[in-house]
Amino acid sequence: MILYLVIPCYNEEEVLPLTAEAVRKKLEALIAAGKIAEESRVLFVDDGSKDGTWDILRKMTAENPLFSALKLSRNTGHQNALLAGLMTAKDHCDAVVSMDADLQDDINAIDGFLQKYEEGCDVVYGVRNRRDTDTRFKRTSAQAFYKFMAAMGVESVYNHADYRLMSRRAVEALSEYKEVNLFLRGIVPLIGYRSDYVYYDRKERAAGESKYPLKKMLSFAEDGITSFSVKPLRIISTFGIVIAGLSVFGLLYSLISKLTGNAVSGWTAIVASIWLLGGIQLLCIGVCGEYIGKIYSEVKGRPRFHVEQLLLRDGKAGGKPGEEETPSPPPFCLEASRRP
Ligand code: UDP
Ligand code: MG
């Protein structure tokens, strides 16, 4: 069974050497134990990093055939980078494990993933047991994130980030989802093959700092909700109906005021309701606008990423990995080669 580890990296030069060393040891141990084939690889995806990430990756791939690297033309965000890696890996392997570059996810959970895979699961979710190594802010904001998503009608696996195993056919199925507003955690459960969970403890980031500041997290939550659920639109409609119902009382009140000759009093009520309703209307228009925005970008259907370079020795050329004996196919496939 050929396993590919897909790891998106954005400005991760600090943590990359540590990660590479850890995953190399893990994969070599798995290969030695006969759990995975020798052709298994680690595929790093450089998501348009501005630091030395690509240089490190290039060096690593030259030194060790276990490592391969994909360079995207620019920063496309974690979800797109992950998708790019999955789409590349699926042509070379039987199963893919996706994980972050910062070693926060316990790589020993992979044993559990493989076991579930052998038992016949197509998707295995890594679920965090506890988050006490995260900062308090990260923990509460992430917790709020899952709760809010659930309240807004998005089904996702609680406390599961993008650390999971997917079989080749699950990734093939994923490739049929063409949406531009990617929220993989929401899509994967929709695929529907047999799945299971593996629990692990989340660690601290090994080095460097989080690439998901609050702003990115909020926009991620918003993407997740508006790409997966029309519940906000429904809430707006319900709101409208309730307010329209209440306005009957308002009408009665103003009629009675007029009949009893107190028409001028009630100014406060009018001003207050103008502000309140104005605010509510603006909010509702905004929410509808978000959906129109989503439709706009989906209709354009722009490509989600562009591959600039792929450094991969998949070991299928006939020779053992690392032996560069056959000139064709070349030991390094250069897809989308650079201009001279
Ligand atoms: N990442 C990426 N592109 C981005 C932002 C992040 O590929 O635009 C990668 C990053 O290198 C890491 C993963 O996504 O491997 C998760 O990011 P991070 O660990 O910073 O997020 P957190 O764990 O703090 O939520
Ligand atoms: Mg992290």
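Heavy-atom basis, side chains included; hydrogens, waters and symmetry copies ignored. Every value quoted in this text rests on a predicted model; they were computed, and no experiment measured them. Just follow the structure's listing: the first ligand is 1, and inside any ligand the first atom is 1.
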Pro8 N/O under 3.5 Å from ligand 1 N/O | yes
Do ligand 1 and Glu12 have nitrogen or oxygen atoms that lie under 3.5 Å from each other?
-> yes
Distance from [atom] to nearest protein heavy atom, with residue and atom:
{"atom": "atom 23 (O) of ligand 1", "result": "Gln104 OE1, 2.9 Å"}
{"atom": "atom 2 (C) of ligand 1", "result": "Tyr10 CB, 3.4 Å"}
{"atom": "atom 20 (O) of ligand 1", "result": "Lys211 N, 2.4 Å"}
{"atom": "atom 14 (O) of ligand 1", "result": "His78 CD2, 3.2 Å"}
{"atom": "atom 17 (O) of ligand 1", "result": "Tyr212 CD1, 3.8 Å"}
{"atom": "atom 19 (O) of ligand 1", "result": "Asp102 OD2, 2.5 Å"}
{"atom": "atom 18 (P) of ligand 1", "result": "Arg205 NH2, 3.5 Å"}
{"atom": "atom 3 (N) of ligand 1", "result": "Asp47 OD2, 2.7 Å"}

Are side-chain N/O atoms of [X] and [Y] paired as donor and acceptor at under 3.5 Å?
{"X": "Lys50", "Y": "Asn75", "value": "no"}
{"X": "Thr76", "Y": "Asp47", "value": "yes"}
{"X": "Asn181", "Y": "Ser227", "value": "no"}
{"X": "Gln79", "Y": "Asp162", "value": "yes"}

Within a distance under 4.0 Å of any heavy atom of [X], pick out the atoms of ligand 1 and give their elements.
{"X": "Asn75", "result": "3 (N), 4 (C), 8 (O)"}
{"X": "Ala101", "result": "12 (C), 15 (O)"}
{"X": "Lys216", "result": "4 (C), 5 (C), 8 (O)"}
{"X": "Ser210", "result": "20 (O), 21 (O), 22 (P), 24 (O)"}

Asp122/Arg168 salt bridge by N-O under 4.0 Å criterion | no
Could you tell me whether Lys215 atom NZ has more than 12 heavy atoms of other residues or ligands within 6.0 Å of it?
-> no
Are more than 12 heavy atoms from other residues, nucleotides or ligands located less than 6.0 Å from atom OH of Tyr193?
->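 Check passes, neighbour count above 12.
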Output yes when a side-chain donor or acceptor of Thr61 lies under 3.5 Å from a complementary backbone atom of Leu311, and no otherwise.
->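 Not at all, since once roles are kept as given, no pair shorter than 3.5 Å links the two residues.
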Of all the heavy-atom pairs spanning Ala95 and Met1, show the shortest one and how long it is.
-> CB-CE, 3.9 Å
Write the atom name of the N, O or S atom in Asp102 that is nearest the Mg ion (ligand 2).
-> OD2
With respect to Tyr200, which candidate in Asp106, Asp105, Asn129 satisfies the side chain to side chain donor-acceptor pair (under 3.5 Å) definition?
-> Asp105
Return the orientation label for the Phe220 and Phe183 ring planes: parallel under 30°, perpendicular over 60°, tilted otherwise.
-> tilted
Heavy atom of Met217 under 4.0 Å from ligand 1?
->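 Per 4.0 Å heavy-atom rule, Met217 does not contact ligand 1.
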Side chain, backbone, both or neither: Asp100 near ligand 1, heavy atoms under 4.0 Å | both
From the Mg ion (ligand 2) out to just under 2.8 Å, does an N/O/S atom of Ser210 turn up?
->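 No.
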